[in-house]
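Note that ligands are numbered from 1 as they come in the structure, with each ligand's atoms numbered from 1 the same way.
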Amino acid sequence: MGGYRVAVVGATGAVGREMLKTLAERKFPVSEVAAVASGRSAGSEVSFGEKQVLKVQSLDKFDFHGWDIGLFSPGASVSAVHAPRAAEAGCIVIDNTSQFRMEPDVPLVVPEVNPEALNRIPRGIIANPNCSTIQMVVALKPLHDHFKIKRVVVATYQAVSGAGKEGMDELFSQTKASFVNDPAAPEHFTKPIAFNCIPHIDIFMDDGSTKEEWKMVVETKKILDPNIAVIATCVRVPVFIGHSEAVVVEFEKPVTAGEARAVLRAAPGVVVVDTREDGGYITPLESQGEDATYVSRIRKDPTVEHGLAFWCVADNLRKGAALNAVQIAEVLVAQGLLPKRAA
Ligand SMILES: NC(=O)c1ccc[n+]([C@@H]2O[C@H](COP(=O)([O-])OP(=O)(O)OC[C@H]3O[C@@H](n4cnc5c(N)ncnc54)[C@H](OP(=O)(O)O)[C@@H]3O)[C@@H](O)[C@H]2O)c1
């Protein structure tokens with residue numbers, strides 16, 4: 001049986017490992033998979049599916065000729081150099097880093113929201129949005145289609161896995177250290193993350209917002225509608241996996257909580273869990289390993305004419321990264337958009 005030759009770049013990282021898992025779980029049609037990372041981990045091994053073990057290859061020496069799809073998550077500065085190199089060799093790149101997201105000739109895609117953006121891939125590079133943006137636009141899209149969004153105010157509660165392996169290690173070691181009364185100094189994060197919340201993700205911008213907050217604003221506009229006003233406050237919390245968001249939305253048209261619930265229930269990729277009783281909502285721990293974007297706590301915002309508030313949770317390594325990238329690859333396959341197919 002034919003299939004595609006897929007190179008996973010950043011295969012030893014939090015996102016790359018999830019990509020390998022997702023490709024196998026969803027039975028993406030592969031004829032060969034390459035695990036690629038830095039020279040530091042060349043020769044080490046990663047698992048693909050239940051049975052296969054892949055030897056990690058060095059990105060610097062990897063030749064992309066003959067590879068159909070590159071699923072990239074090696075960090076922005078590395079993608080900046082190697083994604084164009086792969087694309088020039090004829091390998092379609094789906095890049096998880098922030099490097100190309102806002103470039104006008106690079107589609108920024110969430111398959112449930114704007115799959116039509118894949119009709120034009122002039123540079124052979126497709127960008128996967130930021131993890132916090134992805135889950136928010138999956139929930140906003142059906143509401144925008146029905147009630148037209150004017151403004152979004154969002155506060156995020158982002159898991160440490162959003163900062164990769166190092167972020168997870170730091171929460172683990174600081175938590176452990178606190179129980180033996182031997183506090184570990186922050187290395188990756190700016191302040192202790194165990195038993196704490198840090199209102200700072202990525203670098204500060206001139207206007208006082210952080211780059212993570214800026215990404216949520218500009219990416220939502222690019223994916224959904226440039227007329228939507230967005231303000232975000234992004235916070236790192238001591239959760240390993242699963243980003244949560246408190247979202248407040250102002251609409252042009254009248255909307256009730258019941259109407260919004262019905263629209264969200266019918267939307268692709270969304271699962272509504274909202275029973276207004278103890279435990280009748282989803283927490284990040286429950287989203288771990290799941291594909292859905294969960295919406296809970298849907299209620300009216302009485303402070304504006306047409307407003308709603310809700311709680312939105314998704315696994316940041318899956319829908320926020322690996323799953324979204326693999327779904328993009330699935331659309332390329334389904335729509336015959338890949339330039340060639342391996343024999
Ligand atoms: N975590 C998330 O929720 C999330 C969501 C969306 C997007 N992203 C983006 O995805 C990227 C990776 O995130 P992550 O969480 O997977 O980070 P991570 O756990 O730190 O993994 C980084 C990966 O990149 C590889 N790498 C680093 N430098 C490299 C180089 N010079 N050449 C080749 N490979 C190199 C690493 O390989 P070695 O093991 O050899 O060092 C590792 O495989 C980041 O740009 C991040 O912003 C992350």
### Query
For the residue pair Phe251 and Phe147, does the interplanar ring angle fall in the parallel (under 30°), tilted (30 to 60°) or perpendicular (over 60°) class?
perpendicular

### Message
Students often mix this up, so state it plainly: with edges at 30° and 60°, are the rings of Phe62 and Trp67 parallel, tilted or perpendicular?
### Response
tilted

### Task
Answer yes when Glu18 and Lys21 have at least one side-chain N-carboxylate O distance shorter than 4.0 Å, and no when they do not.
yes

### Task
Give a yes or no on whether a salt bridge exists between Glu212 and Lys215, defined as a side-chain N under 4.0 angstrom from a carboxylate O.
yes

Enumerate the atoms of ligand 1 whose separation from the nearest heavy atom of [X] is less than 4.0 angstrom.
{"X": "Ala11", "result": "43 (O)"}
{"X": "Thr97", "result": "45 (O)"}
{"X": "Leu317", "result": "1 (N), 2 (C), 3 (O)"}

### Query
Can you tell me if Arg40 has a non-hydrogen atom under 4.0 Å from ligand 1?
yes

### Message
Can you confirm, on distance only, whether ligand 1 has an N/O atom lying under 3.5 Å from any N/O atom belonging to Gly320?
### Response
no

### Query
Is the shortest N/O to N/O distance between Lys165 and ligand 1 below 3.5 Å?
yes

Residue and atom name of the nearest protein heavy atom (relative to [atom]), distance in Å to one decimal:
{"atom": "atom 3 (O) of ligand 1", "result": "Asn316 ND2, 3.2 Å"}
{"atom": "atom 24 (O) of ligand 1", "result": "Pro74 CA, 3.2 Å"}
{"atom": "atom 15 (O) of ligand 1", "result": "Gly164 CA, 3.1 Å"}
{"atom": "atom 5 (C) of ligand 1", "result": "Ala321 CB, 3.6 Å"}
{"atom": "atom 21 (O) of ligand 1", "result": "Gly13 CA, 3.2 Å"}
{"atom": "atom 23 (C) of ligand 1", "result": "Ser73 O, 3.7 Å"}
{"atom": "atom 46 (C) of ligand 1", "result": "Asn96 O, 4.7 Å"}

### Message
Here's a test for you: under side-chain contact (heavy atoms from CB on, under 4.5 Å), which of Thr22, Asn96, Val110, Val109 qualifies with Asn324?
### Response
Val110

### Summary
Which of Thr293, Asp274, Ile298 passes side-chain contact (heavy atoms from CB on, under 4.5 Å) with Leu264? It is Ile298

With heavy atoms only and a cut-off of under 4.0 Å, state how [X] meets ligand 1: side chain, backbone, both or neither.
{"X": "Ser98", "value": "neither"}
{"X": "Ser79", "value": "neither"}
{"X": "Leu59", "value": "side chain"}

Which of the listed options, [options], holds the heavy atom that is closest to [atom]?
{"atom": "atom 35 (C) of ligand 1", "options": "Gly162, Ser41, Gly10, Ser38", "result": "Ser38"}
{"atom": "atom 43 (O) of ligand 1", "options": "Val9, Val15, Thr12", "result": "Thr12"}
{"atom": "atom 1 (N) of ligand 1", "options": "Ser161, Gly16, Pro129", "result": "Ser161"}

### Query
Does the side chain of Asn316 pick up a donor-acceptor pair with the side chain of Gln158 at under 3.5 Å?
no

### Task
Answer yes if a protein heavy atom lies under 4.0 Å from atom 7 (C) of ligand 1, otherwise answer no.
yes

### Verify atom 19 (O) of ligand 1: protein non-hydrogen atom under 4.0 angstrom away
yes

#### Entry: Derivation and outcome, salt bridge (Lys or Arg N to Asp or Glu O under 4.0 Å), residues Lys150 and Glu252
CA-CA 6 Å; Lys150 278 165 67 175; Glu252 296 215 338; 5.7 Å; no

### Message
Are there over 12 heavy-atom neighbours, none belonging to Glu116, within less than 6.0 Å of that residue's CD?
### Response
yes

### Query
Would you call Ile126 and Leu332 a side-chain contact if the rule is heavy atoms closer than 4.5 Å?
yes

### Task
Any chance you could measure Leu323, atom CG, to Leu317, atom CG, to the nearest 0.5 Å?
11.5 Å

### Query
Checking Thr210 side chain against Phe204 main chain: does a donor-acceptor pair fall under 3.5 Å?
no

